[in-house]
Number of protein chains: 2
Amino acid sequence: MDPQQLRTFVAVVDHRSFSAAARGLGYTQSAVSQHIAALEADLDAPLVTRRPVTPTEAGERLLEHARPLLLRLDAARADIARLRRAHPGRLAVACAPGALTPAVANALVRARTAAPQLAVSVRVGARSEAVQAVLAGAADLALVDGAAAPSDPLPLPDAGPLTAFAIAQEPLAVLLPASHPLAGRPALRLPDLAAARWIDAPDAAVPLAQLRVAAQSDGFEHQLTYTGSDIKTLGTLVAANGGLATTALPMAAGMSGVAAVPITEPRLVHRTELLHPRNPTAPAAELAETLRLA
Amino acid sequence: MDPQQLRTFVAVVDHRSFSAAARGLGYTQSAVSQHIAALEADLDAPLVTRRPVTPTEAGERLLEHARPLLLRLDAARADIARLRRAHPGRLAVACAPGALTPAVANALVRARTAAPQLAVSVRVGARSEAVQAVLAGAADLALVDGAAAPSDPLPLPDAGPLTAFAIAQEPLAVLLPASHPLAGRPALRLPDLAAARWIDAPDAAVPLAQLRVAAQSDGFEHQLTYTGSDIKTLGTLVAANGGLATTALPMAAGMSGVAAVPITEPRLVHRTELLHPRNPTAPAAELAETLRLA
DNA sequence: CATGAGTATCAGTATTGCTGATGCTAGGTG
DNA sequence: CACCTAGCATCAGCAATACTGATACTCATG
């Protein structure tokens, strides 16, 4: 199971084609075909059906492992590269949309004014992308948010050793259309909403899967999936009766047509965590220290 | 970063010698030397000092990734192998010493009598070994125990997708020598014991690291490390004033010279979980189902 | 049935990855 | 203090491998 072959396999599944994967990887189609054949011979199981190219049962299983494996290989390389040349003139932050609080923004700006030659960059994207960026060394630290019990850590994909700590906790709120019968309530219980229609917005809001874990309940079926990381747009969807979503209470300020009602039960909070590698660059460590104390 | 080379690297570190690693792996010393040289050239960093052979800073970092990476490669292979030929005539259970409760034992025996041709095997070992055995396919299911908040999952190393659920929860108790001033108490608060002298018995009792996480506190320094999985022996050490340890309350029954006092604060339980792969063999699934309902 | 898009196979070649022999160096020994 | 030796590095040579490019095959489509 050569990592190169695994990479080829993942590309083949993603492109749904041997030839397209070959182009993407800079190989010939012949090489890709041989990679897959070698993997199938090694594991003694067919991995993809041909025409159409679809992962088989065994292929699905392999995929579950292959992606994290490749990510971790990159993480290992990045960890060691950081030891050699720690770009001290750079501060790259990867964050999920709900995670860049005013306090963080202020700290970032202060770091920049304190050291004007520091190249500060912020990249907003999906939660998993932010984590990945730190693991692979593309970012120096990540800010991710989610729902959890008051002092529990966030459930994050564990692809390597990262240091994490909370930098903010706010009440968790459900976003309802202003016209919703429950919109006027001062507070709501989450179990009462399990049967409601939800929007699954894994990047922009609290993912429903995380909500199910935190509330220890099934339910929370979604009628609509929202791909993207813009919270304002999510508010528009909620206002248009697309379904419910959960975010931090302060996040909903200024959304028109949307009511944000705090959730009292179970005792959940919206928590923002800062993640950085074990051996952070100097500017990243400083920023982390600032936010830890705040 | 060829997995073969990583395997060689890990072996070199474990053996503290190139030649010994070569013998262990069935290579020549020359090949091992070339593997390490290739890795160092690839990562552009020295990985081990020579004479004595010790991991460098970069080597330590690589090790943190290499071991889980190799484990997961095995897990991937095992997952796919299970699809092909699911040994339905075998039921191999790997468990941590505190995890084989009477209920589990009874269920195992019932499974055996119900299907006399079933080859039932139980292997007791360290927690991580049990998890590893299931991932690598050497065992069909694992039973592990530990401390956690009442309905939280156990903190387990995440090296792949496993299904887990609790099969037992008992009060958590601290083991004290019978002569200890606190031994007569009906109950104890964990924070009051943070400054005590502990035995770190990561295999036999609740690991101190897990206790720190569950209690959200530092402290719990150990004065003695106990390697091994025999709980009776641990009791002897406690009785001899070697330090404190925590287990499930019923576990301490019949230990002479040892007092077991339940812990009331923070609200922690001793929890036993059953782990199995996503696609368990038929006997494993049946046993899991029996224990889930119990 | 003819066509085309796409995968499998094959031969050939450059590269890789071993072994076995030998060189080199640090640490121990008389 | 010179020598010895255990153990890592290096080198040449050979076998296995991993690509490319050409070609054969195989479905899905009109």
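This structure is a prediction, so every number in the text was calculated from the model and none was measured. Numbers restart at 1 for each chain; the letters A, B, ... are given by sequence-line order, proteins then strands.
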> Taking any heavy-atom pair under 4.0 Å as a contact, classify B:V53: base, sugar-phosphate, or nothing.
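It contacts sugar-phosphate atoms only.
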> What's the CD1-P distance between A:I36 and C:dT9, to the nearest Å?
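The answer, rounded to whole Å, is 13 Å.
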> Could you state the CG-P distance from B:L25 to C:dG17, rounded to the nearest angstrom?
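It works out to 16 Å between those atoms.
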> Mark yes when over 12 heavy atoms from residues, nucleotides or ligands other than A:R67 sit less than 6.0 Å from its CZ; otherwise mark no.
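More than 12 heavy atoms, drawn from other residues, nucleotides or ligands, come within 6.0 Å of this atom.
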> How would you summarise protein contacts on nucleotides 10-20 of chain D per nucleotide, using B for base, S for sugar-phosphate only and - for none, with heavy-atom distances below 4.0 Å?
BB-------BB
> Decide whether B:D140 and B:H276 meet the rule of one side-chain donor and one side-chain acceptor closer than 3.5 Å.
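Looking only at side-chain atoms, B:H276 and B:D140 do not form any donor-acceptor pair under 3.5 Å.
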> Tell me the side chain to side chain donor-acceptor pair (under 3.5 Å) pairs involving residues 203-213 of chain B, sequence neighbours left out?
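Pairs touching residues 203-213 of chain B that pass the test: none.
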> Can a side chain N or O of B:S19 be found less than 4.0 Å away from OP1 or OP2 on D:dA6?
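For B:S19, the contact criterion (side-chain N or O under 4.0 Å from OP1 or OP2 of D:dA6) is not met.
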> Under the criterion ring pair (Phe, Tyr, Trp, His ring centres under 6.0 Å), which of B:Y27, B:F9, B:F18 is the partner of B:H35?
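The option that passes is B:Y27.
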> Show your working on side chain to side chain contact (heavy atoms under 4.5 Å, CB included) between B:L39 and B:L47 and close with a plain yes or no.
CA-CA 8 Å; B:L39 270 179; B:L47 295 175; 3.7 Å; yes
> With a 4.5 Å heavy-atom cut-off, do B:T54 and B:V48 have their side chains touching?
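With C-beta onward as the side chain, the pair stays apart.
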> Counting primed atoms plus P, OP1 and OP2 as sugar-phosphate and everything else as base, spell out the protein contacts along nucleotides 24-30 of chain D at 4.0 Å heavy-atom distance: B, S or - for each nucleotide, 5' to 3'.
--BB---
> So, B:S30 versus B:Q34: side-chain donor-acceptor pair below 3.5 Å or not?
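Yes.
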> Does a side-chain heavy-atom distance below 4.5 Å link A:N279 with B:E57?
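Sidechains of B:E57 and A:N279: no contact.
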